[in-house]
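Proteins get letters first, then strands, A, B, ... in listed order; numbering begins at 1 in each.
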Amino acid sequence: MVITRFAPSPTGKLHIGGARTALFNFLYSKNQNGKFLLRIEDTDKKRSEKKFENQIISSLRWLGINFDGQEIYQSKNIDEHINIAKELLKRKKAYKCYCTPEELELERNETKKKGINYIYSGKCRNIKDEKNLPFVIRLKVEKNKKITLYDGVQGDVEIETNTIEDFILLRSDGSPTYNLSASVDDKLIKVSHVIRGDDHKINAVKQIILFRFMDWKVPKYFHIPLIHSESGKKLSKRENASTTDDYKKIGILPIALRNYLLRLGWSYKDKEIFNNEESIKFFNLKNIGKSPSKLDFERIKSLNEYYIKSLNEKELIENFLLYVNEFKQSLKIDTIEKISKNINILKNKAKTLSDIYDNSSFIFKYDESLILKSNLINTKNKVYLIDFLNELSKINDYCDTKITEVSELVLKKNNIKFKDLGQPLRMILTGSLKAPSIKDIIKILGLNETILRLKRHI
RNA sequence: GGUCCCUUCGUCUAUCGGUUAGGACACAUGGUUUUCAUCCAUGAAAGAGGGGUUCGAUUCCCCUAGGGACCGCCA
């Protein structure tokens, strides 16, 4: 059975790269009818925070990336990690190292000065007698061997063990480090495919060595190229617009972000649009690309625009209201009703949910500052506008054809083009030149409000 | 600096040695349109460089250049 996992450390919000890693793991496991697990790597007590853990889980949920079972906490398995370290010690595959951090710092500086790559010298390797001093436990990496990482994305990568140091398994306070914990946990939860960022490639080799020392079955590894920022560097948490929250905040739909992430570093022929079902159906590991990719915000927006247009009304309204609730000034019930009813008109120019909000603002926030400044409202134009108002006042209820009749009447009477009437009308009714068509504006505002607004300015 | 990885339009990518090198976003032009958009059509735009292998290389190999990742008692 295929078992994959996403293993974030809760030291920050879920960022784009992590989200894509989670997505690939999720999609592959679901495509194979397997399991997708979430493991919180919270062994760094200083930097881990509960709020980030919650944030990561809710971001995953938002993207529709659902994990199986309960989330797993690495910190709960610490005893087992320590046991394995002891077992390795017993098998003589690990040893106690009494070097102090200060000594190591010195070693590091010395080699760096010489321009040589630093790895721990291994000087404690052969200490026979126990010392009554603080110690760490290090893995005894075999010398002069080649380890091949059979990477499903990168191909076979051969690494000399001499370039890999005797890395620490247990710190001097007895707590396990990442490579130990991750290996033991992957073994415990029977991970079959490890899909993660390229930055873990060297860790994979370290973990393979540990797996072999323990006679465990080594999982398959897939190291996906990193996502780079516009500047071409690894996307860091500090970059603006690097977390999923950043995108949520500006009104990107989860399905759009998910679709974007899926196609970043992965492809399926010429297909660009993948809904959630299709993404599971078509996803595979072999189409993952080898080269890193840059984030393209325009593409995200355009995908978002596509989904705003193609989502059904109900889904769009749901997404919109959730968004407004979380990020915008709350709206009155009747405004919400008006927007919901006319969502198909109001979504027209929108690339983001925030745009829909802005497009709708003439309904709930009648900003007259531009109207007063506009030279569209002059004595000449007022003649038609008054005609229009008079004719409009004769109508009892809104009706498409009646509005057309009214405007045509005014146009004929004054011998003008629609633009001459439409522009000032639009300005008065919405306080802006960018708005839906006149008919739609009247329909949304209602006859009463339309007449009220007209009367204020003519 | 050491080890490892990557390199097709500006960006994301397709290409299983033979293609007018395809698609998408962005861009430009034109058309539709009751503003602005949408939509439709068209266009410009790419194999980092140099060597091999081959009848033939974007594709396979080597070198160079450029970019990136890792090099913590972080994960």
Original post:
salt bridge (charged side-chain N to carboxylate O under 4.0 Å, His left out) with A/Glu405: which residues, sequence neighbours excluded?
Top reply: none

Original post:
With respect to the phosphate group of B/rU35, does any side-chain polar atom (N or O) of A/Lys349 fall under 4.0 Å of OP1 or OP2?
Top reply: no

**OP:** Kindly indicate whether the side chain of A/Ser172 and the base of B/rC73 share any N or O donor-acceptor pair separated by less than 3.5 Å?
**Re:** yes

Subject >> Ring geometry between A/Phe274 and A/Tyr268 (parallel below 30°, tilted from 30 to 60°, perpendicular above 60°) >> reply: perpendicular

Original post:
With a distance cut-off below 6.0 Å to the six-membered ring centre and an angular limit of 45° from the axis, does A/Arg20 pair with A/Phe24 as a cation-pi contact?
Top reply: yes

Original post:
Do A/Tyr260 and A/Tyr247 make the cut of ring centroids closer than 6.0 angstrom?
Top reply: no

**OP:** Determine the interplanar angle of the A/Tyr95 and A/Tyr120 rings, folded into 0 to 90°, and report it as parallel if under 30°, tilted if 30 to 60°, perpendicular if over 60°.
**Re:** parallel

Are any protein N/O atoms closer than 3.5 Å to N/O atoms in nucleotides 16-19 of chain B? If there are, list each pair with its distance.
none

Original post:
Phosphate oxygens OP1/OP2 of B/rA75: is one of them under 4.0 Å from a side-chain N or O of A/Thr177?
Top reply: no

**OP:** Tell me which residues in residues 135-149 of chain A put a heavy atom below 4.0 Å from RNA chain B, sorted by number, or none.
**Re:** A/Val136

**OP:** Can you sort out the partners of A/Asn117 under side-chain contact (heavy atoms from CB on, under 4.5 Å), two or more places apart, ordered by chain and number?
**Re:** A/Ile119

Original post:
Taking only residues two or more places apart in sequence or in another chain, which ones pass side-chain contact (heavy atoms from CB on, under 4.5 Å) with A/Ile273?
Top reply: A/Asn259, A/Leu303, A/Tyr306, A/Tyr307

**OP:** Using a heavy-atom cut-off of under 4.0 Å over every strand shown, decide if A/Ser175 touches base, sugar-phosphate, or nothing.
**Re:** nothing

Subject >> Protein-to-nucleotide contact annotation, 5' to 3' order, nucleotides 5-13 of chain B [B base; S sugar-phosphate only; - none; under 4.0 Å, heavy atom] >> reply: SSS---BBS

Original post:
Is the closest basic N to carboxylate O distance between A/Lys417 and A/Asp420 below 4.0 Å?
Top reply: no

Original post:
Of the options A/Ile428, A/Leu385, A/Leu429, which is the one that meets A/His457 in a side chain to side chain contact (heavy atoms under 4.5 Å, CB included)?
Top reply: A/Ile428

